[in-house]
Amino acid sequence: MSFWRALLGRSAPARPDLDALFALPSAALTLRASVGLRPTGTASVAYRAAEGAAFADLQRDVTALLDADDGPPVRQVTDDYGYSWLVVRSHQATPGEGEVTDADVSGLVTDLHAVNSTLEANGYGPSLLCSLLGFSDEGGGRRLGLVYLYKRGTFYPFAPAGGQRRDNALELQVEAAIGDDLPMEKDRSRWFPVYGAPGLDPSA
């Protein structure tokens, strides 16, 4: 079963708690101190776009809302499976613009919450898949996405290791480090790989 079909399965989900996203800045501090991973300044929300003018208008409205600040423009990306992503970045996600700060992370989390809550409030909650906040080490050799599963209300770490491989040891290290900061997904079979997800690589 593919990642997306698993996410869209018909099993009874836990009630989403979007406010859990606001714990991400605390988790980011923990990751920096204990694992040496820093926020990349890039985040994204994945959803299944609905057909029709109403959803298209809502998508444009959400993008315009996020573009209203002075940050880099929001990007809309369609992945290889046909699912849509809104990708948001801080200025510091651009090389040479400085280190990503706690305020940048908080701003990204606010954007993630705005996208999720707006789609939810307009009846498109079932279309939401996941949200992702990107991290890397100082040299960029290790990458990590903290993934929020909308239908589960939980987080899990995903660490790509090149190709279709993942760094399981790093994922377990991250789980142990931030278990007190975030509601972690206890069923590891739901730690779905999101290879190539927009937001994992700030240069993409």
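Both backbone and side-chain heavy atoms feed into the values below; hydrogens, waters and symmetry mates do not. In this text, all values refer to a predicted model and were calculated from it rather than measured experimentally. For this chain, numbers begin at 1 and follow the sequence in order.
Proximity of a side-chain donor or acceptor of Ser131 to a complementary backbone N or O of Tyr148 within less than 3.5 Å is not detected. At distances below 3.5 Å, at least one donor-acceptor pair connects side-chain atoms of Lys151 with backbone N or O atoms of Pro126.
Proximity of Val45 to Trp85: side-chain heavy atoms (C-beta onward) are nowhere separated by under 4.5 Å. Between Leu133 and Val147, the closest side-chain pair of non-hydrogen atoms is not below 4.5 Å. At least one side-chain heavy atom of Arg143 sits under 4.5 Å from a side-chain heavy atom of Pro160. When side chains are defined from C-beta on, Pro157 counts as touching Met184, because their heavy atoms get closer than 4.5 Å. Counting only heavy atoms from C-beta outward, the side chains of Val74 and Val87 never approach each other to under 4.5 Å. Residues Leu129 and Tyr83 are in side-chain contact: their nearest non-hydrogen atoms beyond the backbone lie under 4.5 Å apart. Within the 4.5 Å cutoff, the side chain of Pro39 has no heavy atoms near those of the Asp104 side chain. By the 4.5 Å heavy-atom criterion applied to side chains, Leu146 and Leu132 are not counted as neighbours.
Rounded to the nearest 0.5 Å, atoms CG (Asp79) and OG (Ser84) are 8.0 Å apart. Note that the CG atom of Asp181 and the OG atom of Ser26 stand 4.0 Å from one another [nearest 0.5 Å]. Distance CG/Leu108 to OG1/Thr42: 7.5 Å, rounded to 0.5 Å.
Shown here for Pro25 and Val105, the closest heavy-atom pair between the two residues is CA-CG1, 3.9 Å. Looking at every heavy atom in both residues, Ser44 comes nearest to Leu112 through O-CD2, 3.6 Å. Nearest heavy-atom pair, Thr30 versus Ala177, reported as atom, atom and distance to 0.1 Å: CG2-O, 3.3 Å.
Contacts of Ala23 classified as side chain to side chain contact (heavy atoms under 4.5 Å, CB included), with partners at least two apart in sequence or in another chain: Leu182. Not counting sequence neighbours, Asp167 has no partner by the side chain to side chain donor-acceptor pair (under 3.5 Å) test. For Thr110, there are no side chain to side chain donor-acceptor pair (under 3.5 Å) partners at least two apart in sequence or on another chain. In this structure Glu185 satisfies the side chain to side chain donor-acceptor pair (under 3.5 Å) test together with Arg152, Thr154, sequence neighbours excluded. Applying the side chain to side chain contact (heavy atoms under 4.5 Å, CB included) test to Leu172 and every residue at least two apart in sequence or in another chain returns Glu175, Arg188, Trp191. For Asp57, the side chain to side chain donor-acceptor pair (under 3.5 Å) criterion is met by Arg60, not counting sequence neighbours. In this view, Ser117 and Leu18, His113 satisfy the side chain to side chain contact (heavy atoms under 4.5 Å, CB included) rule, not counting sequence neighbours. Applying the salt bridge (Lys or Arg N to Asp or Glu O under 4.0 Å) criterion to Asp187, with sequence neighbours excluded, gives Arg190. Partners of Arg165 according to the salt bridge (Lys or Arg N to Asp or Glu O under 4.0 Å) rule, which considers only residues two or more places apart in sequence or in another chain, do not exist here. In this structure Ala103 satisfies the side chain to side chain contact (heavy atoms under 4.5 Å, CB included) test together with Thr101, sequence neighbours excluded.
When the side chains of ILVMFWY residues are joined at heavy-atom separations under 4.5 Å, either directly or via intervening members, Leu29 and Phe155 end up in two distinct hydrophobic clusters.
One side chain, Thr63 or Gln76, offers a donor N or O that lies under 3.5 Å from an acceptor on the other.
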Practice problem: List the steps and the verdict of side-chain hydrogen bond (donor to acceptor under 3.5 Å, both in side chains) for Glu171 and Tyr156. | Solution: CA-CA 8 Å; Glu171 291 174 358; Tyr156 70 90; over 6 Å; no
Self-check item: Residues Leu37, Arg142; criterion side chain to side chain contact (heavy atoms under 4.5 Å, CB included); working and verdict
Solution: CA-CA 8 Å; Leu37 293 172; Arg142 295 183 300 165; 4.1 Å; yes
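A centroid separation of less than 6.0 Å is found between the aromatic rings of Phe55 and Tyr124. Ring-centre distance between Phe192 and Phe158: not below the 6.0 Å cut-off.
Atom CG of Asp61 has more than 12 neighbouring heavy atoms from other residues, nucleotides or ligands inside a 6.0 Å radius.
Among residues at least two apart or in separate chains, there is no ring-ring contact (aromatic ring centres under 6.0 Å, His included) pair with a member in residues 23-43. For residues 25-44, the set of pairs meeting the salt bridge (Lys or Arg N to Asp or Glu O under 4.0 Å) definition, not counting sequence neighbours, comprises Arg32-Glu99, Arg38-Glu99.
With Val35 as the fixed residue, the side-chain contact (heavy atoms from CB on, under 4.5 Å) test singles out one of Asp137, Leu144, Leu170: Leu170.
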